[in-house]
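Encoded as structure tokens, the structure appears first; notes follow it.
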Amino acid sequence: MSSLYERLGKTEGITAIASDTVDLHLQNPRIAPRYVNSDVVAVKHAVTTFFVTNSGGPKVYEGKDMLAAHRGMNIDAAEFGAALDDAMEALDKNGIGQREKEEVLFFLYGLKNEVVHI
Ligand code: HEM
């Protein structure tokens, strides 16, 4: 089977999905306060390249690892769940199928211990 990267529409598709995910975060009352001081373009770039690299695409991610990126934030489980909801909604918006959504959800959920209460 082709890589998740290919099935998400390669860099072009993942750029759209990541952009929509960040836009949903900015409208999500559980998450938006975390991003008040953020550069939205930089956050979208980081999320796009993180996902390109981690879905089997080119090794373009140059950001921090997940522990370092979230250290000191003390993100809770409800925030983490809300972020996953936004990611699933962005996948729907971009016409991504059930199988790929399951793979993304499984991957993201696996990062919980590197993001929550760090
Ligand atoms: C599996 C879930 C998550 C993934 C894959 C993820 C991914 C990332 C990535 C790639 C970065 C950029 C790191 C860098 O710039 O070097 C980042 C930063 C950040 N994340 Fe997450 N994140 C997740 C969950 C969350 C949650 C649940 C919150 C809060 C509700 C959150 C809040 C932030 C904030 C505030 C930043 C810093 C933004 C900035 O630099 O201005 N993240 N995350």
Between Val47 and Ala18 the two heavy atoms that sit nearest each other are CG1-CB, 3.9 Å
Applying side-chain hydrogen bond (donor to acceptor under 3.5 Å, both in side chains) to Asn28 and not counting sequence neighbours gives Asp86
The reported gap from CD in Glu114 to CZ in Arg71 (rounded to nearest 0.5 angstrom) is 10.5 Å
In terms of heavy-atom contacts, Ser3 and Ser55 come closest through CB-O, 4.0 Å
Scanning both residues in full, the closest heavy-atom pair of Ala90 with Leu24 reads N-CD1, 3.9 Å
For residues 59-79, the ring-ring contact (aromatic ring centres under 6.0 Å, His included) pairs (sequence neighbours left out) are Phe50-Tyr61
Please set out all donor-acceptor pairs under 3.5 angstrom arising from side-chain atoms of residues 36-43, sequence neighbours excluded.
unit_1 : atom_1 : unit_2 : atom_2 : d
Asp39  : OD1    : Val41  : N      : 3.0
Asp39  : OD1    : Ala42  : N      : 3.1

Cluster question for you: counting only ILVMFWY and a side-chain heavy-atom cut-off of under 4.5 Å, with indirect links fine, are Met66 and Val22 together? no
Rounding to 0.5 Å, atoms CD (Glu6) and CE (Met1) come to a distance of 11.5 Å
Kindly say whether Ile96 contributes a backbone atom to a donor-acceptor pair with the side chain of Asn94 at under 3.5 angstrom? no
Requested in this report: Begin with the C-alpha distance, continue with both residues' side-chain angles, and end with the deciding distance and a verdict on side-chain contact (heavy atoms from CB on, under 4.5 Å) for Asn54 and Leu4.
Outcome: CA-CA 9 Å; Asn54 285 287; Leu4 180 60; over 6 Å; no
Contacts of Tyr5 meeting ring-ring contact (aromatic ring centres under 6.0 Å, His included) (sequence neighbours excluded), chain-then-number -> none
Residue set satisfying side-chain hydrogen bond (donor to acceptor under 3.5 Å, both in side chains) with Asp23, at least two apart, ordered chain then number -> Lys44
State, yes or no, whether a side-chain contact exists between Thr15 and Val52 at a heavy-atom distance under 4.5 Å. no
### Query
Does a donor on one side chain sit under 3.5 Å from an acceptor on the other, for His117 and Asn74?
yes
Tested for side chain to side chain contact (heavy atoms under 4.5 Å, CB included) against Phe51, the lone hit among Leu108, Ile17, Thr21 is Leu108
Next on the checklist: For the CZ atom on Arg34, are there more than 12 heavy atoms of other groups (residues, nucleotides or ligands in this structure) within a distance under 6.0 Å?
Outcome noted: yes
Determine, using the 4.5 Å side-chain heavy-atom cutoff (strictly less than), whether Ile118 and Phe80 are members of one ILVMFWY cluster. no
Between Leu67 and Asn113 the two heavy atoms that sit nearest each other are CD2-O, 4.3 Å
I'd like a table of donor-acceptor pairs (distance under 3.5 Å, sequence neighbours excluded) in which one partner is a side-chain atom from residues 100-107, with atom names and distances.
unit_1 : atom_1 : unit_2 : atom_2 : d
Glu100 : OE2    : Arg7   : NH1    : 2.8
Lys101 : NZ     : Asp92  : OD1    : 2.8
Lys101 : NZ     : Asp92  : OD2    : 3.4
Glu102 : OE2    : Gln98  : NE2    : 3.0
Glu103 : OE1    : Arg7   : NH2    : 3.1
Glu103 : OE2    : Arg7   : NH1    : 3.0
Glu103 : OE2    : Arg7   : NH2    : 3.4
Glu103 : OE2    : Arg99  : NE     : 2.9
Glu103 : OE2    : Arg99  : NH2    : 3.4

